[in-house]
Protein chains: 2
Amino acid sequence: MATIKDVAREAKVSIATVSRVINQDDKVRDKTREHVLSVMKALGYQVNVNARALSTQKTATLGLVVPDISDPFFACLAKGVDSIARQHQSQVLLCTAQNSSDSEQQAIDSLLQRRCDGIILYCTHLADSALIDIVQRYSNVVVVARNIPEIAENCIYLDDELGGQLAAEHLLALSHSRFASIMSELPIQDPKLRLSGFKTALDKQALTLTEEQVVYGTPDQLGGEQAVNSLLKNQQTFTALFAYNDAMAIGAISALEEAGFKVPDDISVIGFDDIYLAHYSRPKLTTLHYPVEAIAKHAALLAINKHSNKYSQLDKTVHSHRYQPILVERQSTVFAPTAAPKQSLNESQIERQN
Amino acid sequence: MATIKDVAREAKVSIATVSRVINQDDKVRDKTREHVLSVMKALGYQVNVNARALSTQKTATLGLVVPDISDPFFACLAKGVDSIARQHQSQVLLCTAQNSSDSEQQAIDSLLQRRCDGIILYCTHLADSALIDIVQRYSNVVVVARNIPEIAENCIYLDDELGGQLAAEHLLALSHSRFASIMSELPIQDPKLRLSGFKTALDKQALTLTEEQVVYGTPDQLGGEQAVNSLLKNQQTFTALFAYNDAMAIGAISALEEAGFKVPDDISVIGFDDIYLAHYSRPKLTTLHYPVEAIAKHAALLAINKHSNKYSQLDKTVHSHRYQPILVERQSTVFAPTAAPKQSLNESQIERQN
DNA sequence: ACAAAAAATGTAAACGGTTACATTTTTTTT
DNA sequence: AAAAAAAATGTAACCGTTTACATTTTTTGT
């Protein structure tokens, strides 16, 4: 592949001049510029940005670590990061980490080794202490979906507890009184917080959720199916189910219908995340909207700004690092079966929510 | 960030020795190695792979261009590429191109400028001629989902025409005789080929699909809804609908039910791609399985091999560059309403298909 | 037409690694 | 214990850019 030297030789100028043409420096005569450009074109010259990165100390790269890019939640996260990247003439370097803290640490190291301008992490296994170490050493790293007080400045996250509360309040407003929940078994805060928020809201009405009424599974469709089957096997009765996320909720609905229950007539199901799946499924899912793309953008911007020490673009007073989930009422939740007559939701109201 | 020089100075050895330690060269005394490693750890040293790339001429990077990473089809493509990347100790550099050939060309240029070891392209706007130019100049570029004879060696694609045929044959076997189709409006081959295959199979039974029975739209849920509404507005009657992809099929089902038709009882709908959405939707979609992850892996491997001129790993006799779609029967297609009594599909058969 | 000022171009060092080859140190052989 | 062989380490060139500074060329003013 042609280099700047090849172009310089062919155009009979110095490499400095070629460099000036590449970088649109205006201190070059029009005639020279045109000549150099034509040589570049003839040789199919493409600047080597790795070499440029060496000398400028900027890579125009944003690193992203996620567990699985084929999961639509993370795909949306990637989209948000990508949109900020392109705004900054940068690209996204994608690393998937395979369900272990080793693999996550490796992914992070490889991004550090590439000298990404900013790094955005969605880690499900790495311990807080490891993330604290990393962020304290490399300040352009931003942690998404975790709230670690020691590095609060570099964390962007959702108020999961509030999400749990909103879910419970919604179900309570629909007169439900017997609940169950299926949560992610991963060793992260999210499920604990969502559940704790849920319980808090129940508490206020003197209602409770026992240990038997909560089952853990993998945070996907299959995990949802299995968790519900386990609930049913243990003779749990409930009219409302709070799922860790939409994928589990959809799996749950599948398993419930398989077992002869109608959703939402017999059992209301509420999800979490509001990935576009929620909109495609039948019944359409009532869920808590997770502004993942907004969070991703904020995180990417923050990482870039930390890298260049310019905080100007980010108005801290406008966006807190803690985002709030929003209840989106669709079709999977209705009044409890034995309660007051069902007040059907207005379709246009639902659409307006999106 | 610490450099190799910092480590060398601190450890009182030459940078060559540090380099040997980094690269696990065994020509280093154990004592020296340990000392250097401890200094590296103390300084939090991370090798600069951009600098390394300069001198080794390998970047351990695979470039990928897709229209939209949040689309599950492309997310799966990315997953396939990523899995090959990690097998080769590499990372994926992601570029999204925004619906224009300029934007696609720009994305490709930026990957060339990063000297990716291999580049995988899913382009929906760039002309064949442009792709031919690129591949002929840079042989490590592989084009996915397009069949361009001039660069056949670098193309991995699906037999879309066969897909259309299989769809038609399936619907014909269910005794359907009045058809409609909704296709992507994008200026690529896929929709044309799928439709042409569909028509070919109808022809054999002396059936036809008129121009009025085909409507074009954006290849997503909304496009599917609009296309169906347009069909209905034009008084088209049909018992079977062939959709360009699953997203359009799901939109179509939505619109059909809105208009009072039952799917599949009144109208059978068949999709394309078999993204996991097809499985989540109600009714579950009958569709043509697009082995996108396998194609992605093949493309990535091919790109890497073209780059290193080693073809050993790829056994050409095993995998042709043309992949075949497979019919997956689920719940959105049944016998035509006026035809023989409905023979319901066995659920366990369906599961076995997946 | 000439000097001075301005503009264009060139030179060379740096960026952070790898690696062939030279040199030094250690080990083995006698 | 000295010489030879082997192993470890160091030196320096190179990879492809950018950029401060030096030099040359062109333009301007008189």
Side-chain angles (χ1 to χ4, degrees), chain A residues 1-37 39-40 43-61 89 109-117 138 307, chain B residues 1-37 39-40 43-61 89 109-117 138 307:
Chain A
M1 210 153 164
T3 72
I4 198 171
K5 281 185 195 166
D6 299 328
V7 176
R9 189 179 338 104
E10 190 76 12
K12 296 190 169 54
V13 296
S14 71
I15 58 172
T17 297
V18 178
S19 179
R20 289 188 189 102
V21 172
I22 294 169
N23 296 291
Q24 328 236 37
D25 191 322
D26 52 356
K27 287 179 190 171
V28 53
R29 229 189 302 187
D30 286 354
K31 205 176 142 193
T32 317
R33 184 198 323 282
E34 278 163 33
H35 178 222
V36 170
L37 282 173
V39 170
M40 290 191 341
L43 296 181
Y45 173 76
Q46 295 278 1
V47 67
N48 183 330
V49 297
N50 298 122
R52 170 184 288 168
L54 241 198
S55 95
T56 61
Q57 306 281 42
K58 306 211 164 174
T59 57
T61 304
Q89 287 75 251
D109 283 345
S110 74
L111 292 178
L112 290 170
Q113 292 171 0
R114 286 180 188 269
R115 300 295 189 273
C116 296
D117 293 341
Y138 312 102
H307 182 248
Chain B
M1 210 149 163
T3 73
I4 198 172
K5 281 186 195 164
D6 299 327
V7 176
R9 187 180 338 104
E10 190 76 11
K12 297 190 167 54
V13 296
S14 71
I15 58 172
T17 297
V18 179
S19 179
R20 289 188 189 100
V21 172
I22 294 169
N23 295 291
Q24 328 238 35
D25 191 322
D26 52 357
K27 288 177 190 169
V28 173
R29 229 188 303 185
D30 286 354
K31 204 176 139 192
T32 317
R33 183 199 322 283
E34 278 163 34
H35 179 220
V36 170
L37 282 172
V39 170
M40 288 188 347
L43 296 181
Y45 173 75
Q46 296 277 3
V47 68
N48 183 330
V49 298
N50 299 123
R52 171 184 287 167
L54 241 197
S55 77
T56 62
Q57 306 281 39
K58 307 209 162 176
T59 56
T61 305
Q89 287 75 251
D109 283 346
S110 75
L111 292 178
L112 289 170
Q113 291 171 1
R114 285 178 190 270
R115 300 294 189 272
C116 296
D117 294 340
Y138 313 101
H307 182 250

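The sequence lines fix the lettering, A, B, ..., with proteins before strands; numbering per chain opens at 1.
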Looking across every strand, which nucleic acid part, if any, lies under 4.0 Å from Val47(A) by heavy atom: base, sugar-phosphate, or nothing?
-> sugar-phosphate
Side chain of Asn23(B) - closest among dT18(C), dT11(D), dG16(C) | dT18(C)
Distance, rounded to the nearest Å, where Lys12(B) contributes NZ and dA8(D) contributes P | 22 Å
To the nearest angstrom, the CD1-C1' distance between Ile15(B) and dT19(C) comes to 11 Å
Establish, with yes or no, whether the OP1 or OP2 oxygen of dA14(C) is under 4.0 angstrom from a side-chain nitrogen or oxygen of Gln57(A).
-> no
Measure from the side chain of Leu54(B), starting at C-beta and using heavy atoms only, and say which of dG10(D), dG17(C), dG16(D) lies closest.
-> dG16(D)
Quick one: which of dA8(C), dG16(C), dG10(C) gets closest to the side chain of Arg29(A)?
-> dA8(C)
What about Arg20(B), does its side chain sit under 3.5 Å from the base of dG10(D) through a donor-acceptor pair?
-> yes
Identified pairing partner of dT30(C), criterion: Watson-Crick or G-U wobble below 3.5 Å = dA1(D)
Return no unless some side-chain N or O of Ser55(B) is found under 4.0 Å from OP1 or OP2 of dG17(C).
-> no
Pick base, sugar-phosphate or nothing for Arg33(B), based on heavy-atom distances below 4.0 Å to the nucleic acid.
-> nothing
Counting just side-chain N and O atoms, does Lys5(A) come under 4.0 Å of either OP1 or OP2 of dC15(D)?
-> yes
Rounded to whole angstrom units, what separation is found between the NZ atom of Lys58(B) and the P atom of dT18(C)?
-> 14 Å
Could you verify whether a donor N or O on one side chain and an acceptor N or O on the other, from Thr32(B) and Arg20(B), lie under 3.5 Å apart?
-> no
Mind checking Ser19(A) for me? I need base, sugar-phosphate or nothing, with any heavy atom below 4.0 Å counting as a touch.
-> base
dT25(C), dT17(D), dG17(C): which one has an atom nearest the side-chain heavy atoms of Thr3(B)?
-> dG17(C)
Would you indicate which nucleotide in dT18(D), dG10(C), dT9(D) comes nearest to any side-chain atom of Ala16(A)?
-> dG10(C)
Ignoring backbone atoms, test whether Arg52(A) places a side-chain nitrogen or oxygen under 4.0 Å from the OP1 or OP2 oxygen of dT18(D).
-> yes
For side chain to side chain contact (heavy atoms under 4.5 Å, CB included), just list the numbers for Val39(A) and Tyr45(A), CA-CA rounded to whole Å, side-chain angles, deciding distance to a tenth of an Å, and then say yes or no.
-> CA-CA 8 Å; Val39(A) 170; Tyr45(A) 173 76; over 6 Å; no
Please work out if Gln46(A) contacts a base, only the sugar-phosphate, or nothing of the nucleic acid, heavy-atom cut-off 4.0 Å.
-> sugar-phosphate
note: Tyr45(A), atom OH; dT17(D), atom P; distance rounded to Å ~ 3 Å
Report yes if at least one side-chain N or O of Arg114(B) is closer than 4.0 Å to OP1 or OP2 of dG16(D); otherwise report no.
-> no
Reckon Asn50(A) touches a base, only the sugar-phosphate, or nothing at all at heavy-atom distances under 4.0 Å?
-> nothing
Does Thr32(A) make a side-chain N or O approach to OP1 or OP2 of dA8(C) shorter than 4.0 Å?
-> no
Beyond-backbone contact of Val21(B) with Val13(B), side-chain heavy atoms, under 4.5 angstrom | no
Base, sugar-phosphate, or nothing: which does Val49(B) touch, judged by heavy atoms less than 4.0 Å apart?
-> nothing
State the OG1-NE2 distance between Thr59(A) and His307(A), to the nearest 0.5 angstrom.
-> 6.5 Å
